[in-house]
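This one's a predicted model, so the numbers in the text were calculated from it and none came from an experiment.
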Amino acid sequence: MNILLVSISAPPKNSPESLQTGRYIKYLSQQHKVTLLTTTVVGGWEPQDDGIAKYLKNVHQYIALWSLHPRLIWLLKKIIPSVLIPDEAFFFFWQVKRAIRKIKIKPDVIVSRSAPFSSAIMALKLSEHWQTPWLMHLSDLWVDSPFTSLNDTTRKKHLIMENMCINRAHTITLTSLKVIEFYTKKYPQLASKFQFLPNVFDDDDLHTKPISFNGKMQINFTGRLYGTRSIHIFLDCLENAIQQYPELENSIEVNIAGFLDNENVHRMETSPLKCVKYLGALPYDGAVTLQRNAHLLLLIDSLDDDSRYEMFFPSKLLDYLIAQRFVLAFTKKNSTSFDVVENKFGICFYPDNLNEFPAFLFFAVQNFLKRNSDFFNKQLDKNSEYATSYNAQRLHKMIEAATNPKHRE
């Protein structure tokens with residue numbers, strides 16, 4: 001079968017969404033001819049990383065359309081911000097005719113991954129051009145995302161695009177059951193279209209590195225922090241814990257790696273703690289090494305009162321589960337992260353139990369000093385529902401249903 005996969009965030013770009021795209025490409029391209037339609041690398045929060053280019057090994061055709069330079073995007077925001085709809089990657093779907101000329105094999109099916117949502121608009125246009133069935137994956141909420149603030153005019157434009165895509169797509173895959181519930185309530189007449197397709201880990205990356213008890217206990221974070229996803233709550237709790245147990249500061253090492261906005265960087269730089277280090281952004285292989293050297297892996301969700309934040313399934317959580325280390329999560333009690341982590345792969349702290357963090361950290365350090373591997377090891381079943389191989393087969397069945405005339409709407 002000829003599959004056209006449309007995703008702006010794709011290898012060799014290093015980003016959480018790109019890694020998810022790459023993992024599905026790896027398995028789909030073992031069974032089908034996969035053409036990947038993406039964009040050139042321009043850096044920023046999605047730098048080139050040759051370490052994840054491995055996912056492109058069996059891709060039949062790789063097409064990278066032009067991306068606008070970040071400086072031009074900045075200028076457009078200043079002079080005509082209305083053109084950046086649905087996002088900064090809008091120039092991608094403006095090149096639809098160029099994409100059609102470059103694609104060598106007419107697709108039997110189109111699969112798209114968003115965000116950015118411009119991937120979905122490109123897939124919509126290509127689906128209409130070839131009258132080809134289309135499966136659309138949404139990693140985030142679109143119009144209703146709590147991470148974006150839209151004025152009335154912009155919101156209407158987004159809503160038109162969201163409606164067009166959801167109505168046109170044969171199947172819409174979503175990363176959590178909470179998001180499916182949200183869209184089912186929003187589009188009850190299209191409820192049968194919504195399917196669960198979670199973020200995944202690569203089966204081949206699943207192995208356990210023996211825990212080292214040399215040096216200090218490591219609490220490591222790899223990922224992105226911006227807006228309401230903030231380092232503040234963790235550092236506040238850590239500073240409080242060390243006030244109660246001063247000896248902890250000489251027993252732990254906290255490494256923060258990834259893209260952080262200026263506010264989060266400033267909070268770390270002004271912290272009185274000497275045990276906290278900011279390592280900046282790391283290539284994928286470097287992030288994996290940091291995860292596997294950890295004793296505790298730090299996950300930070302938004303603790304904002306807005307219930308929409310509870311729907312998100314951080315893709316970084318899957319990378320943590322691969323490392324098979326204890327996950328220390330700051331999240332909400334009703335969140336998807338809580339459902340995955342609590343009493344299974346670690347412990348969750350939320351507004352109602354933050355006062356218990358100092359005692360937990362002291363207990364964790366005692367286990368480190370006792371060299372208790374069982375405390376820090378969290379085994380992940382290779383047959384987990386979050387394995388790429390398992391979900392790629394589920395996606396394959398969705399593709400078969402979409403391309404079988406008996407099942408088309």
Side-chain angles (χ1 to χ4, degrees), residues 1-10 17 20-21 24-25 28 32 34-38 85-87 89-90 92-94 96 99-100 103 106-145 156-200 311 313 391-409:
M1 186 180 298
N2 299 318
I3 298 176
L4 173 60
L5 199 150
V6 182
S7 180
I8 293 165
S9 294
E17 180 65 21
Q20 290 299 313
T21 301
Y24 277 106
I25 286 175
L28 288 176
H32 308 284
V34 174
T35 296
L36 172 61
L37 180 63
T38 185
I85 300 291
D87 44 50
F90 69 95
F92 179 55
F93 65 83
W94 282 21
V96 62
I100 292 168
I103 295 168
K106 177 185 174 182
D108 298 310
V109 65
I110 296 171
V111 177
S112 69
R113 288 189 64 93
S114 299
F117 300 108
S118 290
S119 296
I121 302 300
M122 173 65 93
L124 169 70
K125 291 177 177 292
L126 294 173
S127 176
E128 290 175 338
H129 172 77
W130 279 306
Q131 291 300 297
T132 303
W134 165 37
L135 285 75
M136 176 177 68
H137 180 79
L138 297 179
S139 298
D140 298 326
L141 297 175
W142 190 330
V143 176
D144 305 286
S145 174
K156 288 178 182 177
K157 292 179 180 179
H158 276 265
L159 188 57
I160 289 171
M161 290 183 170
E162 180 185 278
N163 270 287
M164 286 193 307
C165 289
I166 287 181
N167 277 281
R168 172 69 188 183
H170 179 278
T171 302
I172 298 102
T173 55
L174 304 162
T175 56
S176 79
L177 298 179
K178 287 182 171 65
V179 177
I180 289 178
E181 182 181 358
F182 178 87
Y183 275 113
T184 297
K185 289 180 179 178
K186 186 174 183 179
Y187 297 97
Q189 73 280 14
L190 301 174
S192 62
K193 288 190 174 189
F194 302 117
Q195 300 291 326
F196 177 55
L197 195 70
N199 290 324
V200 292
M311 303 180 196
F313 186 162
N391 285 286
Q393 289 304 313
R394 293 181 59 246
L395 178 57
H396 175 75
K397 291 179 180 178
M398 295 179 203
I399 290 172
E400 285 188 328
T403 53
N404 185 339
K406 294 181 180 179
H407 292 87
R408 290 194 197 176
E409 296 182 354

What are the two closest heavy atoms between [X] and [Y], and how far apart are they?
{"X": "A401", "Y": "H170", "answer": "O-NE2, 4.1 Å"}
{"X": "N391", "Y": "L197", "answer": "O-CD1, 3.8 Å"}
{"X": "L135", "Y": "M398", "answer": "CD2-CB, 3.7 Å"}
{"X": "A191", "Y": "T184", "answer": "CB-CG2, 3.7 Å"}

Going from [atom1] on [X] to [atom2] on [Y], what distance comes out if it is rounded to the nearest 0.5 angstrom?
{"X": "N404", "Y": "K397", "atom1": "CG", "atom2": "NZ", "value": "14.5 Å"}
{"X": "L4", "Y": "I103", "atom1": "CG", "atom2": "CD1", "value": "4.5 Å"}
{"X": "I3", "Y": "I110", "atom1": "CD1", "atom2": "CD1", "value": "11.5 Å"}
{"X": "M161", "Y": "W142", "atom1": "CE", "atom2": "CH2", "value": "7.0 Å"}
{"X": "L395", "Y": "T173", "atom1": "CG", "atom2": "OG1", "value": "7.0 Å"}
{"X": "F117", "Y": "I85", "atom1": "CZ", "atom2": "CD1", "value": "12.0 Å"}

Discussion item. Tell me every residue that passes side-chain contact (heavy atoms from CB on, under 4.5 Å) with T175, counting only those two or more places apart in sequence or in another chain.
Written reply: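 Once residues adjacent in sequence are excluded, the partners of T175 under the side-chain contact (heavy atoms from CB on, under 4.5 Å) criterion are H137, N199, F313.
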Note, [X] side chain near [Y] side chain (heavy atom, < 4.5 Å):
{"X": "F93", "Y": "P86", "result": "yes"}
{"X": "L190", "Y": "I172", "result": "no"}
{"X": "S7", "Y": "Q20", "result": "no"}

Results of ring pair (Phe, Tyr, Trp, His ring centres under 6.0 Å) for [X] - residues two or more places apart only:
{"X": "Y183", "answer": "F194"}
{"X": "H396", "answer": "H32"}
{"X": "W94", "answer": "F90"}
{"X": "F92", "answer": "none"}

Results of side chain to side chain donor-acceptor pair (under 3.5 Å) for [X] - residues two or more places apart only:
{"X": "S112", "value": "W134"}
{"X": "E17", "value": "R113, S139"}
{"X": "T35", "value": "none"}
{"X": "S118", "value": "D87"}

[X] side-chain N/O to [Y] backbone N/O, donor-acceptor pair under 3.5 Å:
{"X": "T403", "Y": "I399", "value": "yes"}
{"X": "D108", "Y": "N2", "value": "yes"}
{"X": "T132", "Y": "S127", "value": "no"}
{"X": "N167", "Y": "N163", "value": "yes"}

Fill in: Sequence neighbours excluded, every pair satisfying salt bridge (Lys or Arg N to Asp or Glu O under 4.0 Å) that has a member inside residues 116-143
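Found none.
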Practice prompt. Can you tell me which residue pairs pass the salt bridge (Lys or Arg N to Asp or Glu O under 4.0 Å) test with a partner in residues 163-182, sequence neighbours excluded?
Written response: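 Checked against salt bridge (Lys or Arg N to Asp or Glu O under 4.0 Å) - neighbours excluded - the pairs reaching residues 163-182 are K178-D339, E181-K185.
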Worksheet entry | Stepwise side-chain contact (heavy atoms from CB on, under 4.5 Å) check, T38 with T21 | CA-CA 11 Å; T38 185; T21 301; over 6 Å; no
Discussion item. For K186, give me all partners under salt bridge (Lys or Arg N to Asp or Glu O under 4.0 Å), at least two apart in sequence or on another chain.
Written reply: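 K186 satisfies salt bridge (Lys or Arg N to Asp or Glu O under 4.0 Å) with D144, E162 only.
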